[in-house]
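As the structure is a prediction and not an experimental result, all values here were calculated from the model. Values below: every heavy atom of this structure, side chains too, minus hydrogens, waters and symmetry copies.
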Amino acid sequence: MSTEFNFNIKNIRLDENYHPSDNTRITTNFANLARGASRQQNLRNALKMIDNRFNALAHWDNPNGTRYSVELEIVSVDLDIVGSGTSFPSIEILKTNIVDHTTNERIEGIVGNNFSSYVRDYDFSVLLLDHNKQQPTFSVPANFGDLHGKLFKYFVNSNAYKQHFKKPPVICLSVSNNKMYHRTENQHPVLGYEYIPNESSLTEQYFKKMGLQVRYFMPPNSVAPFAFYFFGDLLNDYTNLELISTISTMETFQKIYRPEIYNANATAGKRYQPNLKNADHSLTQIVYDREERSKLAIAQGKFAEEHFIKPYRAILENWSANYA
């Protein structure tokens, strides 16, 4: 292959003083919280929720529930097609770091967590919608997700990734409201009970092209399972504290964004189907604009189409056809 990609990785602290950059996907959970009159209080409350949840799960040798705090970094990845002279904001993910206030140790957590991608916005909010316009039945375009999947695997295998991160990413998402989940007897001390879906989803198939497997777990004192996408062995490749950092971070965001599921007043049973119209849930004291988030996904997909897909279509198609 003659085409090469370079990745430029930038990190910024996500704290109560965070302001989204011009290149940040503003549909991203943390960026949505960081705007408007309530931005600082939003961030302060969310970060406190993360710390509280972390200490509740990491309860051993932690009698006061204050031993740990979680620091978050926003990792922005710009992709440069070598020779093009321009770069494109391809991926944005969160990295956790754990501060142990008893030992004064700073422990590296997990990268991944919240995952954002302009090309994924293009695939789901432009390509898939256009493909199904005025069609009698839903279908998926040929090679749907191939380019995105290969770009993601190329990034994870790149020297840039390996220089910045010690372990492969773990991405934590909400469960699908279109599927039924069945609880198994497999129970992990941190991840909790494992659930099995009744069928595969388009999201699962899309992430499989990224090289990721998926398992569903409901952590202790959570009310619904989460989808954990990963390489390798989720249960053995990561420490309990690393897993807790992902759970506490993503459960907090999902309570804010999906309160009907993750802040419901009833806990998922042995058979569970998420319901986005569930009225029996509580709201957090955090302002979040879900309607705006949905509209902006389309705008960001069109941005990717205009500034990345169309200008470099021939190069990208050739590279994708030759990348194993």
So how far is it from [X] [atom1] to [Y] [atom2], rounded to the nearest 0.5 Å?
| X | Y | atom1 | atom2 | answer |
| --- | --- | --- | --- | --- |
| L127 | I309 | CG | CD1 | 8.5 Å |
| E108 | T96 | CD | OG1 | 8.5 Å |
| L151 | L316 | CG | CG | 7.0 Å |
| K255 | T284 | NZ | OG1 | 9.5 Å |
| K95 | H164 | NZ | NE2 | 10.5 Å |
| L79 | S87 | CG | OG | 8.5 Å |

At their closest point, which heavy atom of [X] faces which heavy atom of [Y], and how far apart are they?
| X | Y | answer |
| --- | --- | --- |
| M218 | T267 | CE-CG2, 3.9 Å |
| A160 | I9 | O-CD1, 3.6 Å |
| V99 | R106 | CG2-CG, 4.4 Å |
| A268 | P225 | CB-CD, 4.2 Å |
| N265 | S282 | OD1-OG, 3.0 Å |
| L128 | P141 | CD1-CD, 3.6 Å |

Pairing residues for [X] by the salt bridge (Lys or Arg N to Asp or Glu O under 4.0 Å) criterion, not counting sequence neighbours:
| X | value |
| --- | --- |
| D15 | none |
| K153 | none |
| K179 | E204 |

Next on the checklist: One pair to check against salt bridge (Lys or Arg N to Asp or Glu O under 4.0 Å): K133 and D130. What are the steps and the verdict?
Outcome noted: CA-CA 5 Å; K133 277 182 180 176; D130 288 347; 3.4 Å; yes
Next on the checklist: Give me each pair satisfying side-chain hydrogen bond (donor to acceptor under 3.5 Å, both in side chains) with a member in residues 218-237, each pair once, sequence neighbours excluded.
Outcome noted: R53-S222, S222-E251, D233-N236
Any donor-acceptor N/O pair, [X] side chain to [Y] backbone, under 3.5 Å:
| X | Y | answer |
| --- | --- | --- |
| E242 | T239 | yes |
| K209 | F144 | yes |
| N198 | M180 | yes |
| N113 | C172 | no |
| N240 | V190 | no |
| R215 | I196 | no |
| S90 | V77 | yes |
| N62 | T66 | yes |
| Q213 | G232 | yes |
| S248 | S245 | yes |

Going by atom types alone, do [X] and [Y] pair a side-chain donor with an acceptor below 3.5 Å?
| X | Y | value |
| --- | --- | --- |
| N178 | S201 | no |
| E260 | N278 | no |
| Q300 | D121 | yes |
| E92 | S76 | yes |

Checklist entry - Quick check: are there more than 12 heavy atoms from other residues, nucleotides or ligands sitting under 6.0 Å from CZ of R313? => result yes
Next on the checklist: Is there a side chain to side chain contact (heavy atoms under 4.5 Å, CB included) between N8 and D80? Walk through the geometry before answering.
Outcome noted: CA-CA 8 Å; N8 180 30; D80 170 46; over 6 Å; no
Could you check whether [Y] and [X] have their ring centres less than 6.0 Å apart?
| X | Y | value |
| --- | --- | --- |
| F165 | Y161 | yes |
| F5 | Y154 | yes |
| F228 | Y216 | no |

Just so I know, are the side chains of [X] and [Y] near enough to count as touching, which here means a heavy-atom distance under 4.5 Å?
| X | Y | result |
| --- | --- | --- |
| D61 | T102 | no |
| W319 | I81 | no |
| L94 | V75 | no |
| F124 | Y206 | yes |

Checklist entry - By side-chain contact (heavy atoms from CB on, under 4.5 Å), which residues pair with T86, not counting sequence neighbours? => result S84, Y312
Checklist entry - What pairs with R183 under side-chain contact (heavy atoms from CB on, under 4.5 Å), at least two apart in sequence or on another chain? => result Y193, Y195, K270
Checklist entry - Does the pair Y262 and F226 meet the rule for a ring pair (Phe, Tyr, Trp, His ring centres under 6.0 Å), with working shown? => result CA-CA 9 Å; Y262 292 102; F226 294 85; 4.4 Å; yes
Checklist entry - Would a hydrophobic clustering, with Ile, Leu, Val, Met, Phe, Trp and Tyr connected at side-chain separations under 4.5 Å, put V223 with F217? => result no
Item to check | Joint cluster assignment, L234 & I110, ILVMFWY side-chain distance < 4.5 Å | outcome: yes
Checklist entry - Are R271 and H182 close enough, and set up right, to give a side chain to side chain contact (heavy atoms under 4.5 Å, CB included), and what steps lead you there? => result CA-CA 5 Å; R271 295 176 70 251; H182 300 265; 3.6 Å; yes
Checklist entry - side chain to side chain contact (heavy atoms under 4.5 Å, CB included) between K10 and D78: does it pass, once the steps are laid out? => result CA-CA 8 Å; K10 296 174 288 187; D78 289 345; 3.1 Å; yes
Checklist entry - Are R13 and E73 within salt-bridge range, i.e. N to O under 4.0 Å? => result no
Checklist entry - Do the rings of H148 and F152 sit parallel, tilted or perpendicular, given the 30° and 60° boundaries? => result parallel
Checklist outcome for this item: With L72 as partner, the option from I12, T249, N97 fulfilling side chain to side chain contact (heavy atoms under 4.5 Å, CB included) is T249
Item to check | Steps toward side chain to side chain contact (heavy atoms under 4.5 Å, CB included) verdict (L212, F231) | outcome: CA-CA 5 Å; L212 296 163; F231 295 94; 3.3 Å; yes
